[in-house]
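Report on the following structure.
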Amino acid sequence: MEETLLGFGIFGLILGLVLLVLYFWSIVWSYKDAERRGKPGWLVAIVVAFLAWPIGLLLWLLIRPSDTTPYQR
C-alpha cells in the first residue's frame, strides 16, 4: 500500500513541475509575443499570469493583433 501511495506522490510532483514550467513558459512567451506585436509586454504578461492562468493565455491568443510589426514607417 505504501508503494502505491509513493508512486502517486512522485507522479503528482512531476505533474506539478510540468504545470509550473508550462505556467512560466506561457508568461515569457506572451511577453515576447506582445513586444513583437508592438504591445506592452509587461502588461500582457501580468494579465496572463494573474487572470486564472489558462484563461489569461487564451484571452491573449484571442485578442492579440495579427500584425507582427511593432511600428509602421
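All values derive from a computational prediction rather than experimental measurement.
- Taking both residues in full, the closest heavy atoms of A45 and S30 are given as CA-OG, 4.0 Å, listed atom of the first, atom of the second, then distance.
- Note: L20 CG to W25 CH2 = 14.5 Å, rounded to the nearest 0.5 Å.
- Annotation: the span from Y31 atom OH to K39 atom NZ amounts to 15.5 Å, rounded to 0.5 Å.
- Interatomic distance, CG of L58 versus CD1 of I63, reported as 11.5 Å (0.5 Å rounding).
- Among residue pairs with one or both ends in residues 40-66, those qualifying as salt bridge (charged side-chain N to carboxylate O under 4.0 Å, His left out) are D33-R64; sequence neighbours excluded.
- Here the OH-CG distance, from Y23 to L19, works out to 12.0 Å after rounding to the nearest 0.5 Å.
- Here the side chains of V48 and W29 are not in contact, with every heavy-atom distance at 4.5 Å or above.
- With sequence neighbours excluded, the residues satisfying side chain to side chain contact (heavy atoms under 4.5 Å, CB included) with L51 are V47, L59.
- Residue F24 is not grouped with residue I55 when hydrophobic side chains (ILVMFWY) are merged at heavy-atom distances under 4.5 angstrom, including chains of intermediate members.
- The cluster map of Ile, Leu, Val, Met, Phe, Trp and Tyr, joined by side-chain heavy atoms under 4.5 Å apart, puts V44 and V28 in different clusters.
- For P40, the side chain to side chain contact (heavy atoms under 4.5 Å, CB included) partners are W42, L43, not counting sequence neighbours.
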